[in-house]
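As a basis for the values below, the full set of heavy atoms in this structure was taken, side chains included, without hydrogen atoms, waters or symmetry mates. Numbered from 1 within each chain, the chains take letters A, B, ... in sequence-line order.
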Number of protein chains: 2
Amino acid sequence: MTTMGDVARIAGVSASTVSHVLNGTRKVNTATRLRVEAAIEQSGYRRNGVARSLAAGRTHTVGLSISALTNPYFNSLVHAVERALSAAGYVLIVGDSHDELQSEKRVTDSLLDRQVDGMIVAPAAGSERLTLPDITRTGTPLVLIDRGVDIGCDQVGPENVASARALTEHLIELGHRRIAVLRGLSGISSTTERFDGYRAALAGHGIAFDDALVLDGASSTEAAERQVHALMSAGDRPNALVSLNNAMTIGALKALRALGLSIPDDVAFVCYDDFEWADLFEPRLTAAAQDVDTIGATAVELLLRRMRGDDAVPQHIRVPTAMRHRNSCGCA
Amino acid sequence: MTTMGDVARIAGVSASTVSHVLNGTRKVNTATRLRVEAAIEQSGYRRNGVARSLAAGRTHTVGLSISALTNPYFNSLVHAVERALSAAGYVLIVGDSHDELQSEKRVTDSLLDRQVDGMIVAPAAGSERLTLPDITRTGTPLVLIDRGVDIGCDQVGPENVASARALTEHLIELGHRRIAVLRGLSGISSTTERFDGYRAALAGHGIAFDDALVLDGASSTEAAERQVHALMSAGDRPNALVSLNNAMTIGALKALRALGLSIPDDVAFVCYDDFEWADLFEPRLTAAAQDVDTIGATAVELLLRRMRGDDAVPQHIRVPTAMRHRNSCGCA
DNA sequence: ATGAAAGCGCTAACAA
DNA sequence: TTGTTAGCGCTTTCAT
């Protein structure tokens, strides 16, 4: 393996000069720069990023801890983050927390060990008493994404309350009174907020809240499928359903199809989270679509600012969703 | 920041002892080990992975260069790889090559600079004359995934020819003669092989090959949508279509829906690549499903073997696909 | 059972 | 404009 020392020897200069031509960190005489470049070329030298990171004290690396990477929503979020980061010259290392505290701890520990220059976390339930303090203790800049927790750091996520409320109200305006809801994983803010939006819609229209219509979908396709199947095969089923995230939507659709129930005739349906192929589902889904690109880009922006040493007061940013009006809700 | 030296001082031992208790690399007296552990606890020490990598000469990191990360197929492939790797104690760093040579070069360069211990690449067209030689030159163990190129290294990918042939033959057996095909990005082996399978099916049944029925979908949803739209709005349209990857399938379905054509009545449809939600599409798609988990796990297995120094002759592994018989093809 | 010391390959003062 | 030198924090031989 060729090192900078080898290159220096070939070019007849010092290692420090080689380093400077490589990084453009100081003016180098054109003639010597050319010699160095020739030597690099000739020797097939590649810099050692590990040594570089150790000496410089920064890795140009950012860690992301997130769950359910196979979920298309998180998947696009990861790529929105990656795009913004690589535009800024950073490399992203992703770890899957599986929305489970111990697993999240493993991921963030490994990221911290690798000396990431910054960290973006979609916190699992309970994060604030284990992993988050660990991170802040190291002084690594941190921003929370997708969900918030009550800790002093930057946060970016989608707007939840008003969106879930709007979704529910749409159903109400269509004349529905018995509206079931698929609620997500407990302990995370997005679940609470979206559920609050649902309740607010009912309350705002004088509809009594009925606990029997609340399904615990646990943000999972399988759980949602089971719950919807159970509720819908019982007598006296609701005539409308709102699903509070995309994974649960899939489960709900599977269950409804299995039961032979038609949307929107038997059940009107709306959901939080859009699908890239929403047009190909039958029926086309009325959904509140998150703006993942903005969320990802904003998270990166906030993080880079912190990494530059900015210590302004932490921001909590909410990115609005867009209502996609299609036909699963049952309006013309 | 606390270093190993600090811990050593607190525990009243040498740094080397601290290192050994941390890594279990040599026997340490229980009493001293306890003192060291206490010192670690008390000081909140975290090891510096960068320094560790530099000293040890290995990073416990593997690089993956792949394209179209938002494509669900590649997405699951990435996660299959990640799962296998993290089970073996490695961290995966992923880069998106966008199936474009310069971009692939940027990704692999960055991975190599970071001193990954091994590399998995889904080669873009032309890779064998630019990035791949670069990688082998560094001596970094390499395995190719998804597509092959004629270079002496391990490769794992799906079976293409027989699968595409079976798909096409199914249509033929249903009585179709004018069968259009959506062909993928040119220059990559999977495109060639799947297309070969299509031609072989026609040839095997004495059906003349018709160039006008070959659509260049470029493995992209948009291109496929345009091409299918054009072909299907012209007169004398084919009555069957085979799509050779999932991105193009989406495009085809969009175009057909836009034209108001019904599957399978107006056009029988089969595709290479399955969808997780294939049951929710209308109609349910008859597809050849790749076994991503096996492909990913096999790639990792081959790579780890090379990383251990095995220098057996390179293997080319093909993982069979599974035929999912549903109703877009038009059989009962 | 433990320690001393020599690096790993690079960056960045500080000198010249 | 360039070189010298002292680390960065760890691993690992070689002693003891």
Side-chain angles (χ1 to χ4, degrees), chain A residues 1-37 39-40 43-61 89 109-110 112-117 138-140, chain B residues 1-37 39-40 43-61 89 109-110 112-117 138-140:
Chain A
M1 182 207 233
T2 29
T3 71
M4 250 175 60
D6 301 329
V7 174
R9 204 165 309 117
I10 298 178
V13 299
S14 75
S16 119
T17 295
V18 176
S19 169
H20 284 116
V21 337
L22 237 30
N23 300 308
T25 30
R26 84 178 173 194
K27 198 183 262 327
V28 173
N29 189 355
T30 311
T32 51
R33 200 193 58 234
L34 258 29
R35 284 213 320 284
V36 169
E37 282 163 352
I40 288 173
S43 61
Y45 168 80
R46 313 190 63 101
R47 76 176 166 205
N48 183 323
V50 173
R52 182 176 145 90
S53 292
L54 179 59
R58 358 186 290 121
T59 55
H60 283 279
T61 274
D109 272 352
S110 147
L112 255 15
D113 281 2
R114 291 194 145 68
Q115 311 292 115
V116 293
D117 293 340
T138 66
T140 309
Chain B
M1 183 206 235
T2 12
T3 71
M4 250 174 62
D6 300 331
V7 175
R9 204 164 312 118
I10 299 177
V13 299
S14 75
S16 118
T17 295
V18 176
S19 169
H20 283 116
V21 338
L22 237 28
N23 301 306
T25 31
R26 84 178 174 194
K27 195 183 265 326
V28 173
N29 188 356
T30 311
T32 52
R33 199 192 61 236
L34 258 29
R35 280 213 321 283
V36 170
E37 282 163 353
I40 289 175
S43 63
Y45 168 79
R46 312 191 67 98
R47 76 175 166 205
N48 182 322
V50 172
R52 183 174 145 92
S53 291
L54 179 60
R58 353 185 292 121
T59 56
H60 282 280
T61 273
D109 272 352
S110 146
L112 255 14
D113 282 2
R114 288 193 147 69
Q115 311 292 113
V116 292
D117 292 341
T138 65
T140 309

dist Arg35(B):CZ -> Asn29(B):CG (nearest 0.5 Å) comes out at 8.5 Å
Rounded to whole Å, please give me the gap between CG in Asn23(A) and P in dG9(C). 17 Å
What is the separation between atom CZ on Arg58(B) and atom C1' on dT12(D), rounded to the nearest whole Å? 14 Å
So Ser53(A), base contact, sugar-phosphate only, or nothing? Heavy-atom distance under 4.0 Å. nothing
By nearest-nucleotide position on DNA chain D, the 5'-leaning member of Ser16(B) and Leu54(B) is Leu54(B)
5' precedence on DNA chain C between Ala56(B) and Thr30(B) (nearest-nucleotide basis): Thr30(B)
Rounded to whole Å, the CZ-P distance (Arg52(B) to dG9(C)) equals 18 Å
Separation of dT11(D) atom P from Arg47(B) atom CZ, nearest Å, is 8 Å
Phosphate OP1/OP2 of dG3(C): any Thr17(B) side-chain N/O under 4.0 Å: yes
Determine the minimum heavy-atom distance between His20(B) and Arg26(B), stating which atoms define it. ND1-NE, 3.2 Å
Is Val13(B) touching bases, backbone alone, or none of the nucleic acid, heavy atoms closer than 4.0 Å? sugar-phosphate
Could you state the atom-to-atom distance from CG of Leu22(B) to P of dT11(D) in whole Å? 7 Å
Hey, does Thr32(A) reach any base, or is it just sugar-phosphate, or nothing, if we go heavy atoms under 4.0 Å? sugar-phosphate
Nearest-nucleotide check on DNA chain C, Ala51(A) vs Val28(B); residue mapping nearer the 5' end is Val28(B)
Presence of donor-acceptor pair under 3.5 Å, side chain of Arg26(A) and base of dG3(D): yes
Between P on dC10(D) and CD1 on Ile40(B), what's the gap in Å once rounded to a whole number? 10 Å
Take atom CG of Asn48(A) and atom C1' of dC8(D), then tell me their distance rounded to the nearest Å. 13 Å
If you look at every heavy atom in Ala51(A) and Leu54(B), which pair is closest and at what distance? CB-CD1, 3.7 Å
Can you figure out which of dG9(C), dT11(D), dA12(C) approaches the side chain of His20(A) most closely? dA12(C)
May I ask you to say what Ser19(B) touches in the nucleic acid, namely base, sugar-phosphate or nothing, with a heavy-atom cut-off under 4.0 Å? base
Do the side-chain N or O atoms of Thr3(B) get closer than 4.0 angstrom to the phosphate oxygens (OP1, OP2) of dG9(D)? no
With Val28(A), the side chain to side chain contact (heavy atoms under 4.5 Å, CB included) member among Val36(A), Leu34(A), Val21(A), Val18(A): Val21(A)
Is there a side-chain contact between Asp113(A) and Arg52(B) (heavy atoms, below 4.5 Å)? no
How many Å lie between OH on Tyr45(A) and C1' on dG9(C), as a whole number? 7 Å
